[in-house]
Amino acid sequence: QVQLAESGGGLVQPGGSLRLSCVASGFTLDYYAIAWFRQAPGKEREGVSCTTGSDGSGVYADSVKGRFTISRDNAKNTVYLQMNNLKVEDTAVYYCNAKRTVFDGAWKTFDYWGQGTQVTVSS
């Protein structure tokens, strides 16, 4: 069964840290672009960070740049989002997404989402 499962969310005070994990099962992440999205109540889902390279180098939304770090461990089939200096406005459900497009006679896109993990930043 193809699945992405996030974990690591929780309640943290402003200035605190959390590390989210996204574990893939039923497929390998090696050739996938991985992204983290978040959705706060009453707001649209927004991109937080993404990585395409095996070295885990990432691109970040301005709102999290310098505080969040995306990384991947292909041996563990896992992607991480280290979140430091958390702010109240980081409160949201965080989702990971794995996407890959291939051509084997026809174009096919594989697009998987996790169920989300709640991050709450509050004093």
Side-chain angles (χ1 to χ4, degrees):
Q1 181 180 1
V2 174
Q3 189 175 6
L4 286 175
E6 302 96 336
S7 63
L11 173 64
V12 65
Q13 292 185 341
S17 298
L18 286 173
R19 188 177 80 157
L20 305 184
S21 300
C22 174
V23 181
S25 57
F27 71 106
T28 58
L29 289 174
D30 294 41
Y31 302 107
Y32 282 75
I34 309 298
W36 285 95
F37 289 79
R38 67 186 181 185
Q39 188 167 19
K43 294 187 177 181
E44 293 186 356
R45 189 172 296 188
E46 64 174 354
V48 174
S49 179
C50 67
T51 180
T52 57
S54 59
D55 63 356
S57 58
V59 177
Y60 301 91
D62 287 343
S63 58
V64 306
K65 201 172 295 183
R67 301 187 296 119
F68 290 12
T69 303
I70 192 170
S71 62
R72 62 195 300 166
D73 185 338
N74 287 341
K76 295 183 178 180
N77 221 23
T78 301
V79 176
Y80 304 98
L81 185 68
Q82 177 67 43
M83 306 186 296
N84 297 328
N85 191 22
L86 282 160
K87 303 178 180 181
V88 171
E89 51 264 40
D90 294 319
T91 296
V93 178
Y94 283 71
Y95 301 89
C96 68
N97 170 256
K99 193 169 185 178
R100 179 187 179 196
T101 299
V102 300
F103 182 81
D104 62 355
W107 288 104
K108 297 178 183 178
T109 295
F110 301 90
D111 192 1
Y112 305 120
W113 288 87
Q115 82 289 348
T117 185
Q118 175 71 47
V119 171
T120 303
V121 185
S122 175
S123 55

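We number each residue from 1, following the sequence as shown.
Judged purely by atom type and a 3.5 angstrom limit, Ser122 has no side-chain atom pairing as donor or acceptor with the backbone of Thr120.
Residues Thr109 and Arg100 form no side-chain contact, since every pair of their non-hydrogen atoms from C-beta on lies 4.5 Å or further apart. The side-chain heavy atoms of Lys108 and Phe103, taken from C-beta on, include no pair separated by under 4.5 Å. Under the 4.5 Å side-chain criterion, counting only non-hydrogen atoms from C-beta, Tyr95 is in contact with Glu6. Within the 4.5 Å cutoff, side-chain heavy atoms of Leu18 are placed close to those of Val119. Taking the side chain as every heavy atom from C-beta outward, Ser25 and Gln1 never approach each other to under 4.5 Å. At least one side-chain heavy atom of Phe68 sits less than 4.5 Å from a side-chain heavy atom of Leu81.
Residues forming a ring-ring contact (aromatic ring centres under 6.0 Å, His included) with Phe27 (at least two apart in sequence, or on another chain): Tyr32, Tyr112. Qualifying side-chain contact (heavy atoms from CB on, under 4.5 Å) partners for Ala40, counting only residues two or more places apart in sequence or in other chains: Lys43, Ala92. In this view, Ser7 and Ser21 satisfy the side-chain contact (heavy atoms from CB on, under 4.5 Å) rule, not counting sequence neighbours.
Here the shortest heavy-atom pairing between Pro14 and Val88 reads CG-CG2, 4.1 Å. Asn85 approaches Arg67 most closely through the heavy-atom pair O-NH1, 2.9 Å. For the residue pair Leu4 and Cys22, the shortest heavy atom distance occurs at CD2-SG, 3.7 Å. Closest approach of Leu20 and Met83 over heavy atoms only: CG-CE, 3.7 Å. The two atoms that bring Thr91 and Gln118 nearest to each other are CG2-NE2, 4.1 Å, heavy atoms only. Summarising the geometry of Val2 relative to Gly26, their closest heavy-atom pair is CG2-O, 3.9 Å, with the distance given to 0.1 Å.
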Please determine whether side chain to side chain contact (heavy atoms under 4.5 Å, CB included) holds for the pair Val59 and Thr51, giving the CA-CA distance in whole Å, both sets of side-chain angles, and the decisive distance to 0.1 Å.
CA-CA 6 Å; Val59 177; Thr51 180; over 6 Å; no

Decide yes or no on side chain to side chain contact (heavy atoms under 4.5 Å, CB included) for Tyr60 and Val48, but give the supporting numbers first.
CA-CA 6 Å; Tyr60 301 91; Val48 174; 5.9 Å; no

Check the pair Thr28 / Asn74 against side chain to side chain contact (heavy atoms under 4.5 Å, CB included), numbers first and verdict last.
CA-CA 8 Å; Thr28 58; Asn74 287 341; over 6 Å; no

Could you please spell out the steps behind the side chain to side chain donor-acceptor pair (under 3.5 Å) verdict for Asn84 and Ser17?
CA-CA 4 Å; Asn84 297 328; Ser17 298; 2.9 Å; yes

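Heavy atoms from other residues, nucleotides or ligands lying under 6.0 Å from CZ of Phe110 number more than 12. Heavy-atom contacts from other residues, nucleotides or ligands closer than 6.0 Å to CD of Glu44 number 12 or fewer.
Leu86 and Phe37 are not part of a single hydrophobic cluster, where members link through side-chain heavy atoms under 4.5 Å apart.
Ile70 contributes atom CD1, which lies 9.5 Å from atom SG of Cys96 (distance to the nearest 0.5 angstrom). Here the CD-OG distance, from Gln82 to Ser49, works out to 12.0 Å after rounding to the nearest 0.5 Å. The line from CG of Asp30 to CG of Asn77 is 7.0 Å long, rounded to the nearest 0.5 Å.
Here the rule is side chain to side chain contact (heavy atoms under 4.5 Å, CB included) with Trp36, and of Asn97, Val64, Val79 only Val79 fits it.
Looking at Asp90 and Arg38, a side-chain N of the basic residue comes within less than 4.0 Å of a carboxylate O on the acidic one, giving a salt bridge.
Figure legend: cation-pi geometry between Arg45 and Trp113, with NZ or CZ positioned under 6.0 Å from the six-membered ring centre and within 45° of its axis.
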